[in-house]
Amino acid sequence: MTGPAVAAVRRAVRAFLESMESTAAPSEICVAVSGGADSLALAEAAAYVGHHRGHVVRALVVDHGLQEGSAKIAADAAAAAKALGVDEAEVRRADVTGPGGPEAAARKARYRTLAGHGLVLLGHTLDDQAETVLLGLGRGSGPRSVAGMRPHDPPWGRPLLAVGRATTRAACAELGVEPWDDPHNAEPRFTRVRLRTEVLPLLEDVLNGGVAAALARTAAQLRDDNEALDTVAERIFTRAGGPDGLDVATLAPEPAAVRRRVLRRWLLASDVRELTDAHLRAVDALVARWRGQGGVWLPGNLEARRAHGRLCVVSQPTTRGE
């Protein structure tokens, strides 16, 4: 007989897949499996619900190679997923390189390795969402970061964003499965670990509980607001001109929040990368606080300029010695 935790995880997966019916859910579903409680509970639910809906369910296990015995850990995770009912389980080795510290490099490598497999379900829970919102708040990185992770952000699917970590652990216990606990999840040198083990418990104590759920609700509300503003901004972007340049007279009357979304859309379409809030505000000043000032330097040796009532992005020559 199915326990309440297993039933809760299955309900979350079923609701997610039903929400995708309008977007033609694929015949094959992949699940990212680490061997932890979240991913194993998700794998079982995806297999159970997916098979009833006619899906082939495949587990993808990423071996980062960062710990001694990582190959065995990955193989054990694949075997556990198979025992829980997935049709296939595959281990892939990731190349963990790049800037941003080991945590960020491993995350980027994991996503690179998982990409290209159609819909991939990830085991992010309500607790992960709360941590993500707190990280966004702490960094002051704006509403997009505070809005947290999206349930469906192709090719990624996150069915468990309303399911707590305690529920996935209870589901594994009900299934008789012993999840693997990544020792990195207890390393205080990682910011997210300290949020999980120190900050969130303190907030729960001070605010009398319910903080993780409240942060997740806030994220969902912000996502709705962001999507509405982005829709308005897209219409204005089309009216104002497009990637080749924007008409200042069209942008000027718009509220600052909408205007900066249009500018962000345009700058990204113009191959400007690593945009910051400071960059956007400086370019916005060419519209809202125009005094004949010079252009705004942007990453990638690019410059945003205003001329003859239009904004444009131009390339600048690389300085000798750069």
Side-chain angles (χ1 to χ4, degrees), residues 5-6 9 13 28-48 50 56-98 100-117 119-125 127-128 131-132 149 155-160 163-197:
V6 170
V9 178
V13 172
E28 179 178 275
I29 298 171
C30 293
V31 184
V33 174
S34 66
D38 302 337
S39 66
L40 290 179
L42 175 61
E44 191 281 334
Y48 180 86
V56 174
V57 180
R58 183 151 63 110
L60 298 174
V61 183
V62 178
D63 176 10
H64 299 87
L66 296 177
Q67 303 175 40
E68 186 176 348
S70 65
K72 182 180 185 306
I73 293 167
D76 289 346
K82 279 283 286 181
L84 289 169
V86 303
D87 298 292
E88 301 173 26
E90 177 185 352
V91 176
R92 289 182 164 244
R93 182 67 181 258
D95 179 22
V96 182
T97 57
E103 190 179 20
R107 182 172 58 253
K108 289 175 184 175
R110 181 163 59 253
Y111 279 105
R112 283 197 307 269
T113 306
L114 292 170
H117 294 280
L119 176 65
V120 180
L121 302 185
L122 306 175
H124 294 132
T125 65
D127 301 87
D128 295 306
E131 293 160 15
T132 300
M149 297 174 283
W156 318 116
R158 300 180 177 92
L160 306 185
V163 176
R165 196 173 286 137
T167 301
T168 62
R169 283 202 164 275
C172 286
E174 291 172 5
L175 293 165
V177 174
E178 184 67 36
W180 174 67
D181 286 318
D182 186 346
H184 284 173
N185 289 337
E187 279 280 353
R189 62 194 172 103
F190 297 130
T191 303
R192 190 177 279 270
V193 171
R194 295 196 67 189
L195 282 175
R196 182 179 306 148
T197 59

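Please read all numbers here as calculations on a predicted model, not as lab measurements. Computed over heavy atoms, backbone and side chain alike; hydrogens, waters and symmetry mates excluded.
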Just by modelled atom types, is the [Y] backbone N or O under 3.5 Å from a matching donor or acceptor in the [X] side chain?
X: E174; Y: V6; result: yes
X: T113; Y: A109; result: yes
X: S39; Y: S34; result: yes

Legend entry - Candidates T125, V13, L122 - the one meeting side chain to side chain contact (heavy atoms under 4.5 Å, CB included) with P159: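 With P159 as partner, T125, V13, L122 yield a single side chain to side chain contact (heavy atoms under 4.5 Å, CB included), made by V13.
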
Report yes if some heavy atom in the side chain of [X] is under 4.5 Å from a heavy atom in the side chain of [Y]; otherwise report no.
X: D76; Y: W180; value: no
X: P155; Y: L119; value: no
X: L160; Y: V9; value: yes
X: E44; Y: L175; value: yes
X: L42; Y: T168; value: no

Inset, instruction - Using a strict cut-off of less than 4.0 Å between a Lys/Arg side-chain nitrogen and an Asp/Glu carboxylate oxygen, indicate whether K82 and D87 qualify as a salt bridge. - result: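 So K82 does not pair with D87 through a salt bridge.
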
Legend entry - Note: K72-D63 ion pair, threshold 4.0 Å (strictly below): no

Inset, instruction - For the residue pair T132 and R192, confirm or rule out a side-chain donor-acceptor distance under 3.5 Å. - result: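 Yes, a side-chain donor-acceptor pair sits under 3.5 Å.
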
Legend entry - Under the salt bridge (Lys or Arg N to Asp or Glu O under 4.0 Å) test, residues paired with E178 that sit two or more places apart: none

